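Okay, so here's the structure we're looking at.
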Amino acid sequence: MRLQDTFVLALPALSVAFPGMAGVSSRAEMETYLRERQAESSAEKRQLLGGVVSGLTGTIGALTNTVAGLLGSIASSVDPDNKRPEPGYEFIAPGPNDARGPCPGLNLLANYGYLPRDGHVNFGQVLDATARGFNMGADLAAVLATFAVLTDGDIATESFSLSSVGGVGGLNRHSTVETDVSPNREDFYNGCGDNHHLSSRLFKQNVGFAAADSSKQFTLDVMTSQYAAQADFSKLYNPYLYFFPFPLIVSLGAFAFYPNFFSNGTYLAGGVANYESISSIIGAQYDSTTGDFTYVPEKWPENWYRRATPYGAVDALVDAFTTVYPRNIIVPAFPQLGTPNLSPQTILCDIYMGLNSITPLAIAGTEEDGAKAITWALTTLAPIIGPGTALGCPNSVLSPDSGFALFPNASQTGGPGSVPPSSTLHTGNNVYNKVYFATPPTKPTC
Ligand code: HEM
C-alpha cells in the first residue's frame, strides 16, 4: 500500500477521535488540521503510517517520521482544465513487453496512454504528450526528442524506445541523452548498466534534503543539494564519469524538472512540490518494514494539476546553469564556463554548432546515412535554436569546422562510443515492484 493511501485511510479514524473535524469547511482547513495532528506525537504519526514501526531501528524510524513530515497539501489555486489525467486516459501498469526506462515523465505518460503503451514513441507523439500531460514547452520537448531520435532511435520513423530494443539503443543508451549524475538513478558504471531503475538509497537521500528544508518540499534548492551530493559521489567513486555537453544539460535539467513539472499546480505560483506528488510520479513507494523505497509504476497522485504555463528550453537552462550546476562544477566541454559569456544562448549555440561535427552514434550506417541524420536534426532544430532565432547562434560564429564536438572523445572509456566493462548487464525494460540499490554502489557489484 502506498504511504499516501495509508494516510488517506487513516482519515475516518481521526474524525471519530476529533468529531469537530466533520465540520471543517474546506480541504485546506482539513489538511491543516491533519498536519497539526501529525505533529502532535511521534506515536500518532506512526499510527498514521500504518502502525508497523515498532521494533524498527532508529534510522528507519527517523525516515518514517521524515516522510510523515513531508506530507502536504495540494496546490492552493488551480484551473480545473489542468487536472490530469483527463477523462479517457486511464492508468494501466506496464506489462513485461512495454518499454519503460530512465525517464519518469515519459514512463508516466505511457502508463496513461498519452504515449503508446508499448513505449515505442515518435517525435510528434512526444511533443504532443509532454505538452498535454506536463505543459513542457515545445522547444524543450523538441530539443530532447531530437537528440533521442538522433542518438538512441531511428531517423526514418523519427522514433525511439523508452528503454532499449533488444538491449540496444533507446533511452537506456548511456551518455547520449541518458547520463551520469542523475537525481534518482545510479551511474551507468557503478550500477552495472542499471541507469534506469529508481535507486532507493538516492531517493532516501533526496527525502532527507527535503526534510531538512524549511519548506519540507522538493524545491529547486533541495534538488540542487541532491545534485551536489551525487556529483561528489560520482567524482569519488565513478572512474568512468563522462559528462559532456548534451547529456550534461539533461542531467542538470532533470533536477529542475522535479519541482517544475512534478509539483501539484504551478511551481512558484501556488503549486506544491510535495512528497505525495513527487513520490507517486517517480514511482517511489515507501516500505515501512525495511525503510527502503520500492520502485512501482509511475502514477499521478489523486487530484493532481499540471503546471498552468509552459516550462521551456530557456527556463530549463537558466535553472540548470544558474542554480543547479554552480553548486558542484564538473568540468565539461563548454568553453564559456566560468566566464561571463555563459548564457542559454551560448549553450544552445554550442549544441547547434556541435551538431555540425558529430556522427550520430546510434547509426551504424554509411556516411550518407549520417549526413541525412544530421540534416534532419539541424532542420528540426533550426526554427528553435538555429541562426536568426532569438536563441540561435549569430550567423558570424557558424562555420562547418567550428571545432566543437557534441560528444568529444566519445570513444574514451565511459563515453558513448566505449561503455565501461561490466556495464552491459541490466539493460532492458524496467522491472517494477522491486527495491534497487538499498545501499550506495561505491563500486559495481555485477
Ligand atoms: C521530451 C522528451 C524527453 C526525453 C527524450 C527524455 C529523456 C530522458 C532521459 C534519457 C533521462 C535519463 C537522464 C539521466 O540519466 O539522468 C531522463 C530523465 C528524466 N526525465 Fe526525461 N525526457 C523527456 C521528457 C521529460 C518530461 C516531459 C519530464 C517531466 C515531466 C521528464 C522528466 C525527467 C526527470 C525528472 C528525469 C530524471 C530522473 C531521475 O534520475 O530521477 N522528462 N529523461
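In this text, all values refer to a predicted model and were calculated from it rather than measured experimentally. Numbering of ligands and ligand atoms starts at 1, following listing order. By convention here, the first residue in the shown sequence is residue 1. Values reported hereafter were calculated over all heavy atoms of this structure, with side chains retained and with hydrogens, waters and symmetry mates removed.
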Would you kindly say whether Asn184 and Ser199 are connected by a side-chain donor-acceptor distance under 3.5 Å?
no

Ser215-Asp213 side chain donor-acceptor pair, cut-off 3.5 Å:
yes

Answer yes or no for Arg201 and Phe233: cation-pi contact, defined as NZ/CZ to six-membered ring centre under 6.0 Å and angle to ring axis within 45°.
yes

Strictly under 4.0 Å, does any heavy atom of Val126 approach an atom of ligand 1?
yes

For [atom], what's the nearest protein heavy atom and its distance?
{"atom": "atom 15 (O) of ligand 1", "answer": "Glu178 OE2, 2.8 Å"}
{"atom": "atom 16 (O) of ligand 1", "answer": "Ser182 OG, 2.6 Å"}
{"atom": "atom 26 (C) of ligand 1", "answer": "Met136 CE, 3.4 Å"}
{"atom": "atom 38 (C) of ligand 1", "answer": "Pro104 CD, 3.5 Å"}
{"atom": "atom 22 (N) of ligand 1", "answer": "Cys103 SG, 3.1 Å"}
{"atom": "atom 39 (C) of ligand 1", "answer": "Asn184 N, 3.4 Å"}

Rounded to the nearest 0.5 Å, what separation is found between the OG1 atom of Thr176 and the CG atom of Asp152?
3.5 Å

When rounded to the nearest 0.5 Å, the distance separating CZ of Arg84 from CG of Leu108 is 12.0 Å

Between Glu86 and Arg132, does any side-chain N to carboxylate O distance fall below 4.0 Å?
yes

One thing to verify: whether Arg327 and Asp232 come together as a salt bridge, which I'm taking to mean a side-chain N less than 4.0 angstrom from a carboxylate O.
no

If I apply the N/O under 3.5 Å rule, does Thr130 come out as touching ligand 1?
no

Would you say ligand 1 has an N or O under 3.5 Å from any N or O of Ser251?
no

Answer with side chain, backbone, both or neither: which part of [X] has a heavy atom less than 4.0 angstrom from an atom of ligand 1?
{"X": "Phe147", "result": "neither"}
{"X": "Leu106", "result": "side chain"}
{"X": "Pro183", "result": "both"}

Candidate list Glu298, His196, Lys299, test side-chain hydrogen bond (donor to acceptor under 3.5 Å, both in side chains), partner Asn107, passing option
Glu298

Under 4.0 Å from any heavy atom of [X], which atoms of ligand 1 are there?
{"X": "Val177", "result": "10 (C)"}
{"X": "Tyr258", "result": "35 (C), 39 (C), 41 (O)"}
{"X": "Thr179", "result": "14 (C), 15 (O), 16 (O)"}

Specify whether Tyr432 and Tyr295 have parallel, tilted or perpendicular ring planes, treating 30° as the upper limit for parallel and 60° as the lower limit for perpendicular.
tilted

For the residue pair Phe293 and Tyr275, does the interplanar ring angle fall in the parallel (under 30°), tilted (30 to 60°) or perpendicular (over 60°) class?
tilted

